[in-house]
Amino acid sequence: MNCDRVAIVTRAEDGLWLAIATSGSVTAHRCTDPTEAVRILSEAPAGATLLGVDDAPEAWREPCGPEAATWPGATSAPLLVARIDPALLAAEAHAFSEAHPGTTPAEAHARQMAMALLALSEEGALPDLLAATSAPVLGADHALDLRRALPATLEPPRLRDDCFAMPQGVDWVPVDEALSRLRQALIPVAGIETCATADAGGRILAEPCRARRSNPPSPNSAVDGYGFAHAATGAGPQRLPLVDGRAAAGQPYGQPVPEGAAIRILTGAILPEGVDTVVLEEDTASDGASVVFDGPVKPRANTRKAGEDVAEGDMALQAGQRLRAPDLALLSALGIAEVAVHRRLRVGVLSTGDEIVPSPDLPAQPHQIWDANRPMLLRLAEGWGYAPVDLGHVGDDPREIERRLNDGAELADVILTSGGASAGDEDHVSALLSSRGTLSSWRIALKPGRPLALATWQGAPVFGLPGNPVAALVCALIFARPALSLMAGASWVEPMGFDVPAAFSKSKKPGRREYLRARLNASGAAEVFASEGSGRISGLSWATGLVELSDGPITVEPGTPVRFLPYAGFGI
Ligand SMILES: Nc1nc2c(c(=O)[nH]1)N[C@H]1C(S)=C(S)[C@@H](COP(=O)(O)OP(=O)(O)OC[C@H]3O[C@@H](n4cnc5c(N)ncnc54)[C@H](O)[C@@H]3O)O[C@H]1N2
Ligand code: MOO
């Protein structure tokens, strides 16, 4: 039957709620017992009525009188009593009571069920529902029909074809502000140890280094040629007799050279006493007994003063310096055999996700993928001079993730996780970091990498990197790199970049900073990877750097200057 009205009775702690839905309106009444409910129902204008109750319909026979029939035995009567499932439309009932303060859950449920069943009746769908249902409870097989029949109570966000549309009410932190907060929150954590200079490449100086000796230690010749006292020479052709012997690097002459004479001298040789100037071999002629050349020659030409590079006691390198190959050259030249360096920062790397197979050695089912982020992040840490700590892979199991984070906080100074960073059902990393760690509710106006979660776990900073490998790399380069640098005892580092002409077109909306995978073409212009999809790992490999598009609106045409941040500037 289709009915003119639907009445639903639900049980509350202190009695019953009766909701009566007729075309265009729903009323609700508190009653003490079924008799009162039926009396209220009979006072309202009658018509074919479906009465839904949440206990056995037989219990309602007596109060309802002889006109009533019970479903599922009957499917039509002036008053048809049916048992309804009180769990149906629970979410809608909850939403209704939230939206209407003062409405109890029982009343809300009665109202929503009455409305939904009446709507189905008005659609003509009720007879089928009554006839076809095998369950003794009305609606149990039709939960979705009931749900659909209700008018929408939720307003969907306005659909924009923009995965970065900002959710309503969320404050987005610009990248620079997030970076500056991060910078203020972190301190160096790595202790100090002594290390042989020869082994100190990549380490970070914990104390300044001063020159033990000047470089060069003595005045010496910068070229192969002939040395003499400048005072004895002048303009025009010069001819100086040669002393026997020569001065070579590592083989000092050891005696004075008389004024007016010259000595054969090689590059790096200490200037003998009496020699202050050297003429380049190519500008001379010699028969072995004397040397001739055209004057004048500048005083002290082709010579190097003692300490002209670094004087003894001078500051050679500052604390915080990350020792590169040239720094090892300098330290060694200054006689510094050992340096105080920071212990290597231990960087824990953990991958999360049920779909992840930890190693390409292992078979992967179609629903599984091999872990791309962990090898990438471990190598980044190693390349930056830190001690990578492989915390492995863990499925989407909050307890296991918690256990690994505990391990990580013990074994590492800082933890990089990937996956589970946003706010979905399986995003356990961010959920754990919010409930048990100290996740700051930052939402960073960044693409890719919006779901980056920055938190601490048992005192260890955690970078909850997004699972998408492109986002994971961008967040690691832009956020983790400077932060790790500071924690390791070096300074905060800004990415190195320079402006180049674009070889692409793009129109960018304001409100977020974007990083595009890019490389320079033969004419030095930046071309970008064909797709911005954040799972396109091939683009990471294709690129030699990133193009950074600043926070505001930008229209890029071929030739527009854009900022290119080469991978090399990130130390990769
Ligand atoms: N409703 C929304 N969905 C998504 C949003 C959003 O704001 N609202 N953000 C999207 C963006 S942007 C990103 S990035 C991802 C980040 O999500 P999670 O950090 O929670 O990461 P997962 O969901 O676990 O994984 C995302 C993606 O990456 C793959 N993945 C994960 N780990 C690895 C790994 N180690 N190696 C290779 N690939 C990995 C994973 O299978 C997923 O495909 O969320 C979007 N969704
Ligand atoms: O932009 Mo998410 O951070 O890329 O895929």
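If you read the sequence from its start, that first residue is 1, and numbering goes on from there. Just so you know, ligand 1 is whichever comes first in the structure, and atom 1 is the first atom listed for that ligand. Note that the coordinates shown come from a computational prediction; the quantities given were computed from them, not determined experimentally.
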Check the pair Glu338 / Cys195 against side chain to side chain contact (heavy atoms under 4.5 Å, CB included), numbers first and verdict last. CA-CA 6 Å; Glu338 282 190 333; Cys195 177; over 6 Å; no

So which bit of Asn373 gets within less than 4.0 Å of ligand 1, heavy atoms only: side chain, backbone, both or neither? both

Proximal ligand 1 atoms for Ser418, defined as those under 4.0 Å from one of its heavy atoms: 35 (N)

If you measure every N or O of Asp427 against every N or O of ligand 1, does any of those distances drop under 3.5 Å? yes

Run down the list Val349, Asn468, Leu452, Val357 and name the one with the heavy atom closest to atom 14 (S) of ligand 1. Asn468

I'd like to know if the side chain of Ser430 reaches the main chain of Ala421, judged simply by a donor and an acceptor atom lying under 3.5 Å from each other, with no hydrogens or angles considered. yes

Name all pairs fulfilling the ring pair (Phe, Tyr, Trp, His ring centres under 6.0 Å) condition that reach into residues 534-572, sequence neighbours left out, sorted by first residue then second. Phe498-Phe564, Phe529-Trp542

Taking C-beta and beyond as the side chain, do Leu317 and Asp327 meet within less than 4.5 Å on heavy atoms? yes

Atom indices of ligand 1 within 4.0 angstrom of Glu355 heavy atoms, with elements: 31 (C), 40 (C), 41 (O)

Ligand 1 versus Ile537: contacting region, heavy-atom distance under 4.0 Å: neither

For ligand 1, the portion of Ser430 having any non-hydrogen atom under 4.0 Å away: neither

Does Arg322 use its side chain to pair, donor to acceptor, with the backbone of Trp384 at less than 3.5 Å? yes

Under the salt bridge (charged side-chain N to carboxylate O under 4.0 Å, His left out) test, which residues partner Arg536, sequence neighbours left out? none

More than 12 foreign heavy atoms under 6.0 Å from CG of Leu144: is that the case here? no

Relative to atom 35 (N) of ligand 1, which among Ile369, Leu350, Asp371 owns the nearest non-hydrogen atom? Asp371

Using heavy atoms and a threshold below 4.0 Å, how should the contact between Ser351 and ligand 1 be classified: side chain, backbone, both, or neither? side chain

Select one of side chain, backbone, both or neither to describe which atoms of Lys447 lie under 4.0 Å from any atom of ligand 1, heavy atoms only. neither

What I want to find out is whether Asp413 reaches Arg343 closely enough, with some N-O distance under 4.0 Å, to be called a salt bridge. yes

Which is closest to atom 21 (O) of ligand 1 in terms of heavy atoms, Gly467, Ala471, Gly464, Ser534? Gly467

Where on Pro451 is there a heavy atom closer than 4.0 Å to ligand 1, on the side chain, on the backbone, on both, or on neither? side chain

I'd like to know whether Arg404 forms a side chain to side chain contact (heavy atoms under 4.5 Å, CB included) with Thr352, so could you lay out the CA-CA distance, the side-chain angles of the two residues, the decisive distance to 0.1 Å, and finally the verdict. CA-CA 10 Å; Arg404 295 291 179 95; Thr352 70; over 6 Å; no

Side-chain donor/acceptor of Glu177 to backbone N/O of Pro174, under 3.5 Å: no

Looking only at N/O atoms, are Gly420 and ligand 1 under 3.5 Å apart anywhere? yes

Ranking Ile356, Val474, Leu446 by closest non-hydrogen atom to atom 33 (C) of ligand 1, top hit is Ile356

With heavy atoms only and a cut-off of under 4.0 Å, state how Val429 meets ligand 1: side chain, backbone, both or neither. neither

Taking 4.0 angstrom as the limit and counting only heavy atoms of Gly419, give me the atoms of ligand 1 inside it, by number and element. 19 (O), 21 (O), 24 (O)

